[in-house]
Amino acid sequence: MTQDASLITLALSKGRIFDETLPLLKAAGIEVAEDPEKSRKLILGTNRPDVRVVLVRATDVPTYVQYGGADLGVAGKDVLLEHGGQGLYQPLDLNIARCRMSVAVRDDFDYAAAVKQGSRIRVATKYTTVARQHFADKGVHVDLIKLYGSMELAPLTGLADAIVDLVSTGSTLKANHLVEVEHIMPIASRLVVNQAALKLKRATLRPLIDAFATAIPKE
Ligand code: ATP
Ligand code: MG
């Protein structure tokens, strides 16, 4: 929990999560004072003296909230699955920053043959926990190669047979001669709350969570 018991700290990542969280904040009567794309500040004030926003990497949001560097935050299901969710209360699926987790291969690669029961496949991904589970469920042995970005390059350079990555329109895959061969799961962002903060700052946090709930986009 952040030090000052009357102060609420919300962790967001720049880009789509920040942008798509703004309407939810607005529904709770909160307006962020600055545009993160135009400022180098990492702590942004709001119209409410008791609420501030901290900007962190998308993958760091669960960590900040888990250890109380922030009271709450917004993180992708992809990020939460890799983090594990320890110490986090996840009251809402916010239905924002939607995409899917998929397996993709080179368009000339015979994926069906490569994933026959008992076979072995080399998979590059940022999402090793999800990928390991997915191939274990299929009974396929997997050699995982951890990457932090530009996953599309792995099958093109021979680093891996397949990738597990997030897909929204599929245009990045297409531009790199890759095809989506399996949908693993749909992905959206969730509200995560520090469990101790929820108890100690409940009077402020509960109305905020309820206001977010009313503003979740339908489709
Ligand atoms: P960076 O791009 O700075 O390396 P990142 O990829 O973790 O960081 P974003 O690209 O902003 O950060 O993604 C944040 C979250 O948005 C992801 O964790 C995922 O849940 C979701 N997301 C990622 N890519 C897409 C996409 N193409 N369409 C919709 N949502 C996406
Ligand atoms: Mg990204």
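We count ligands from 1, going down the list as the structure has it; atoms in each ligand are counted the same way. On a predicted model such as this, the values are computed, not experimentally measured, just so you know. This chain uses plain numbering: 1 for the first residue, then up along the sequence.
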Worksheet item: Is the shortest distance from a Lys or Arg side-chain nitrogen in Glu219 or Arg98 to a carboxylate oxygen in the other one below 4.0 Å?
Response: yes
Worksheet, complete the sentence: ligand 1 to Ala97, heavy atom cutoff 4.0 Å, flagged ligand atoms 16 (O), 21 (C), 29 (C), 30 (N)
Discussion item. For ligand 1, which is the ligand I care about here, please tell me if Ser189 has any N or O atom under 3.5 Å from one of the ligand's N or O atoms.
Written reply: no
Worksheet item: Is the closest heavy-atom distance from Ile17 to ligand 1 below 4.0 Å?
Response: yes
Worksheet item: Looking at Val79, which atoms of ligand 1 are within less than 4.0 Å of one of its heavy atoms?
Response: 18 (O)
Fill in: Those atoms of ligand 1 less than 4.0 Å from some heavy atom in Ser168
26 (C), 27 (N), 28 (N)
Discussion item. Distance check, rounded to the nearest 0.5 Å: Lys174 atom NZ versus Asn176 atom CG?
Written reply: 12.5 Å
Worksheet item: Could you go step by step and tell me if Glu82 and Lys77 meet the salt bridge (Lys or Arg N to Asp or Glu O under 4.0 Å) rule?
Response: CA-CA 9 Å; Glu82 293 301 315; Lys77 184 179 175 187; over 6 Å; no
Response to the item:
Closest non-hydrogen atoms of Arg202 and Pro207, given as atom of the first, atom of the second and distance, are O-CD, 3.8 Å
Worksheet item: At a 4.0 Å cut-off, with the gap strictly under it, does some heavy atom of Glu20 reach an atom of ligand 1?
Response: no
Worksheet item: Thinking salt bridges, do Arg100 and Glu180 make one under a 4.0 Å N-O criterion?
Response: yes
Worksheet entry | Atom indices of ligand 1 within 4.0 angstrom of Gly76 heavy atoms, with elements | 20 (O)
Worksheet item: Of all residues at least two apart in sequence or in a different chain, which pass the salt bridge (charged side-chain N to carboxylate O under 4.0 Å, His left out) check with Lys38?
Response: Asp35
Discussion item. Strictly inside 4.0 angstrom of atom 7 (O) of ligand 1, do you find any protein heavy atom?
Written reply: yes
Worksheet item: So is Arg57 in contact with ligand 1, going by heavy-atom distances below 4.0 Å?
Response: yes
Worksheet item: Are any of the N or O atoms of Arg16 closer than 3.5 Å to those of ligand 1?
Response: yes
Worksheet item: If you look only at pairs with a residue in residues 144-170, which of them pass as a side-chain hydrogen bond (donor to acceptor under 3.5 Å, both in side chains), with sequence neighbours excluded?
Response: Thr169-Ser171
Worksheet item: Quick check: does Ser13 get an N/O under 3.5 Å from an N/O on ligand 1?
Response: no
Practice prompt. Hey, could you give me the OG1/CZ distance between Thr21 and Phe212, rounded to the nearest 0.5 Å?
Written response: 6.5 Å
Worksheet, complete the sentence: One finds that the ligand 1 atoms under 4.0 Å from a non-hydrogen atom of Ile187 are 20 (O)
